[in-house]
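Okay, structure first, notes after.
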Amino acid sequence: MAAMIGLVSGINALRHIGAALKALTYQRKVRFLTSQLWVVTLLITLVAMRGL
């Protein structure tokens, strides 16, 4: 019985760790995309100003 409870809690812990890692990588991707977006908008603004 104790082994069963230990196994279940171990699986739950792994699930939590997996979910946390997924959230972290997702946040990193979002941050990366937003930083890239910022660079792209900056370049577009510079080009537009040169055009004017």
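What you see is a predicted model, and the numbers here were worked out from it, not measured in a lab.
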**Request:** May I ask you to test the Val8-Asn12 pair for a side-chain heavy-atom distance under 4.5 Å?
**Result:**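 Sidechains of Asn12 and Val8: in contact.
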**Rounded distance [0.5 Å steps], NE2 in His16 versus CG in Leu21** =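 The distance works out to 13.0 Å.
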**Asked** What is the distance from atom CG of Leu37 to atom CZ of Phe32, rounded to the nearest 0.5 Å?
**Response** 11.5 Å
**Request:** Is it possible for you to say whether Trp38 and Leu43 belong to one hydrophobic cluster, with membership spreading through side-chain heavy-atom contacts below 4.5 Å?
**Result:** yes
